[in-house]
Enquirer: 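To start, I am sharing the structure in question, which I have written as structure tokens.
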Amino acid sequence: MARQFTKSYSHSHSIADDGSVEFGCSTDTAEWPWLTLGSHHPIVIQAQNFWTSVGAIMALGGMEDGQWSALTWTDWHCGDPGTGMAVRGRYEREKSGDDETYVVELFDAEGRLIVRMRGRGVVFRNRNFEEWRDKAKSKAQKQADSKTIEFAPANALGLGASEHALISQLKNGEAPSFDALITPENGLPPANPMLGGSGDHVNSVHMIETARQALCLLEVRPNVEVIGGEMELNRYVELGTPFTLQVADISGGTTRFSLEQLGRTCAVLTVRT
């Protein structure tokens, strides 16, 4: 997402001598409706992942006007059940070889750890990002499958009144899979105030919600609780173009999905319940 923002979820950034950043978190549910979903909901965690990491990077001077960032990998582990809304957090960087990973921990008003999440990404510094993406989106639109997706019923997905189904019913072919489609009408405000993003492509928050909805159908459990997971993001997933969420493996409480669009594997999503 580009650096120009009209609002910020994190605030009061304080930079320590070791380069870590302490910050406060907004609890304004009118400004951030997804906070009402609960502190461990995957939508909440991925939204916080974006806003807190970018907020800390900006506080550290790591992005300039006009630059864009893209998440390439993330994992997260939830803390104890019953934690409240995040009120503060901490950001730091870890380096192993040539790879630099950021770590964000969020805490509630009682000081309990809500989640520990890590991530890696890239910042586009020397390329015409907007022109490059316009060409990619135009190509995807021309190749998009024109089939109509029949979305799964909302009551089977544990959705509230302001949320929308993003996936189809389970398809049993050679491997279990789901059709999925993200559009402004089901995946962006104001139509869906619980989801957001750049508006340029399908974001990580959309991807993890398709995986959560898929788990609801796989486990026949509308209120399935996700306690952690991992996402490898390899290619942009285009808005308005159908994609497939295929079950790659189920082992114990862990389910791995392969996300495919236009004949290419764009992401691998691993979810723990």
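Quick note: numbers below take in every heavy atom, side chains included, and nothing from hydrogens, waters or symmetry partners. Position 1 is the first residue of the sequence, and the numbers go up from there.
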Enquirer: Val205 and Trp34: side chain to side chain contact (heavy atoms under 4.5 Å, CB included), yes or no, with the steps?
Expert: CA-CA 11 Å; Val205 68; Trp34 39 263; over 6 Å; no
Enquirer: Evaluate Ile208 against Val271 for side chain to side chain contact (heavy atoms under 4.5 Å, CB included), listing each step before the verdict.
Expert: CA-CA 8 Å; Ile208 197 59; Val271 187; 4.0 Å; yes
Enquirer: Could you tell me if the side chain of Ile114 sits less than 4.5 Å from the side chain of Phe107, heavy atoms only?
Expert: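 In short, these two side chains do not touch, never coming nearer than 4.5 Å.
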Enquirer: What's the separation between atom SG in Cys266 and atom CE in Met207, rounded to the nearest 0.5 Å?
Expert: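 So the gap between those two atoms works out to 7.0 Å.
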Enquirer: Would you compute the distance between atom NE2 of His206 and atom CG of Leu259 and round it to the nearest 0.5 angstrom?
Expert: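 Answer for the NE2-CG pair, His206 versus Leu259, is 12.5 Å.
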Enquirer: With hydrophobic residues grouped by side-chain heavy-atom distances under 4.5 Å, do Tyr102 and Ile15 end up in a single group?
Expert: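 Hydrophobic grouping puts Tyr102 with Ile15.
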Enquirer: Atom CG in Asp75, atom NE2 in His77: separation rounded to 0.5 Å?
Expert: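 One finds 4.5 Å between CG of Asp75 and NE2 of His77.
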Enquirer: Gly84 and Ser39: which non-hydrogen atoms are nearest, and at how many Å?
Expert: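 Looks like O-CB, 3.4 Å.
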Enquirer: Taking it one step at a time, do Leu195 and His164 satisfy side chain to side chain contact (heavy atoms under 4.5 Å, CB included)?
Expert: CA-CA 10 Å; Leu195 289 172; His164 296 277; over 6 Å; no
Enquirer: Please examine the side chains of Asp80 and Arg112, heavy atoms only from C-beta on, and report whether any two atoms are closer than 4.5 Å.
Expert: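 No. Closest side-chain heavy atoms not under 4.5 Å.
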Enquirer: Is it true that Val224 and Leu269 fall in one hydrophobic cluster, defined by side-chain heavy atoms closer than 4.5 Å?
Expert: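 Val224 and Leu269: one cluster.
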Enquirer: Please assess His41 against Arg212 for the test side chain to side chain contact (heavy atoms under 4.5 Å, CB included), listing each intermediate value before the final yes or no.
Expert: CA-CA 9 Å; His41 195 290; Arg212 188 202 66 81; 3.6 Å; yes
Enquirer: Decide whether Ser251 and Asp249 meet the rule of one side-chain donor and one side-chain acceptor closer than 3.5 Å.
Expert: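 Short answer, no.
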Enquirer: Is there side-chain contact between Ile167 and Leu217, with at least one heavy-atom pair below 4.5 Å?
Expert: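 Of all side-chain heavy-atom pairs linking Leu217 with Ile167, at least one is under 4.5 Å.
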Enquirer: Could you check if a side-chain atom of Phe257 sits within less than 4.5 angstrom of a side-chain atom of Thr210, using non-hydrogen atoms only?
Expert: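 No; the side chains remain at least 4.5 Å from each other.
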Enquirer: On a heavy-atom basis, which atom in Ala152 and which in Ala165 lie closest, and how many Å separate them?
Expert: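 In terms of heavy atoms, the two residues are closest at O-CB, 3.4 Å.
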Enquirer: Hey, could you give me the CD1/CD distance between Ile43 and Glu163, rounded to the nearest 0.5 Å?
Expert: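 If we round to the nearest 0.5 Å, Ile43:CD1 and Glu163:CD are 5.5 Å apart.
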Enquirer: Is there a path of hydrophobic side-chain contacts, each under 4.5 Å between heavy atoms, that joins Leu106 and Met85?
Expert: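 As far as the 4.5 Å side-chain criterion goes, Met85 and Leu106 are connected within one cluster.
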Enquirer: Would a 4.5 Å heavy-atom cut-off, applied to side chains only, mark Pro242 and Asp179 as touching?
Expert: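 SC-SC contact between Pro242 and Asp179 ruled out.
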Enquirer: Quick one: do the Thr74 and Asn49 side chains pair a donor with an acceptor below 3.5 Å?
Expert: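 Per modelled atom types, Thr74 and Asn49 side chains form a pair under 3.5 Å.
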Enquirer: Quick check: do Trp76 and Val226 have side-chain heavy atoms less than 4.5 Å from each other?
Expert: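 Touching, per the 4.5 Å side-chain cut-off.
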Enquirer: Quick one: OG on Ser10 to CD on Glu22, what's the gap to the nearest 0.5 Å?
Expert: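 The CD atom of Glu22 is 12.5 Å from OG of Ser10, to the nearest 0.5 Å.
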Enquirer: Would Asp18 and Ser20 count as a side-chain hydrogen bond (donor to acceptor under 3.5 Å, both in side chains) here? Give the steps.
Expert: CA-CA 6 Å; Asp18 63 1; Ser20 62; 2.7 Å; yes
Enquirer: Tell me whether the rings of Trp32 and Tyr9 are parallel (<30°), tilted (30 to 60°) or perpendicular (>60°).
Expert: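 Ring orientation of Trp32 relative to Tyr9: perpendicular.
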Enquirer: Considering residues, nucleotides and ligands other than Glu232, do more than 12 of their heavy atoms fall under 6.0 Å from its CD?
Expert: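 Check passes, neighbour count above 12.
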Enquirer: What distance separates His11 NE2 from Phe23 CZ, expressed to the nearest 0.5 Å?
Expert: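 Here the rounded value is 9.5 Å.
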Enquirer: Does a donor on one side chain sit under 3.5 Å from an acceptor on the other, for Glu185 and Thr183?
Expert: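 Per modelled atom types, Glu185 and Thr183 side chains form a pair under 3.5 Å.
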Enquirer: Check the hydrophobic clustering (I, L, V, M, F, W, Y; side-chain heavy atoms under 4.5 Å; chains of links allowed) and say if Val103 and Leu113 are grouped together.
Expert: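 No, Val103 does not connect to Leu113 through the hydrophobic network.
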Enquirer: Which heavy atom of Gly228 sits nearest to which heavy atom of Cys78, and what is that distance?
Expert: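 Minimum heavy-atom separation between Gly228 and Cys78: N-SG, 4.5 Å.
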Enquirer: Does the side chain of Met194 come within less than 4.5 Å of Glu209's, by heavy atoms?
Expert: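 With C-beta onward as the side chain, the pair stays apart.
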Enquirer: Is there side-chain contact between His40 and Glu225, with heavy atoms separated by less than 4.5 Å?
Expert: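 With C-beta onward as the side chain, the pair stays apart.
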Enquirer: Can Phe243 be reached from Val247 by stepping across I, L, V, M, F, W or Y side chains whose heavy atoms are under 4.5 Å apart?
Expert: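 Linked, Val247 and Phe243 end up in one cluster.
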Enquirer: Around Arg235, counting heavy atoms of other residues, nucleotides and ligands shown, do more than 12 lie under 6.0 Å from its CZ?
Expert: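 Atom CZ in Arg235 is not packed in, count stays at 12 or less.
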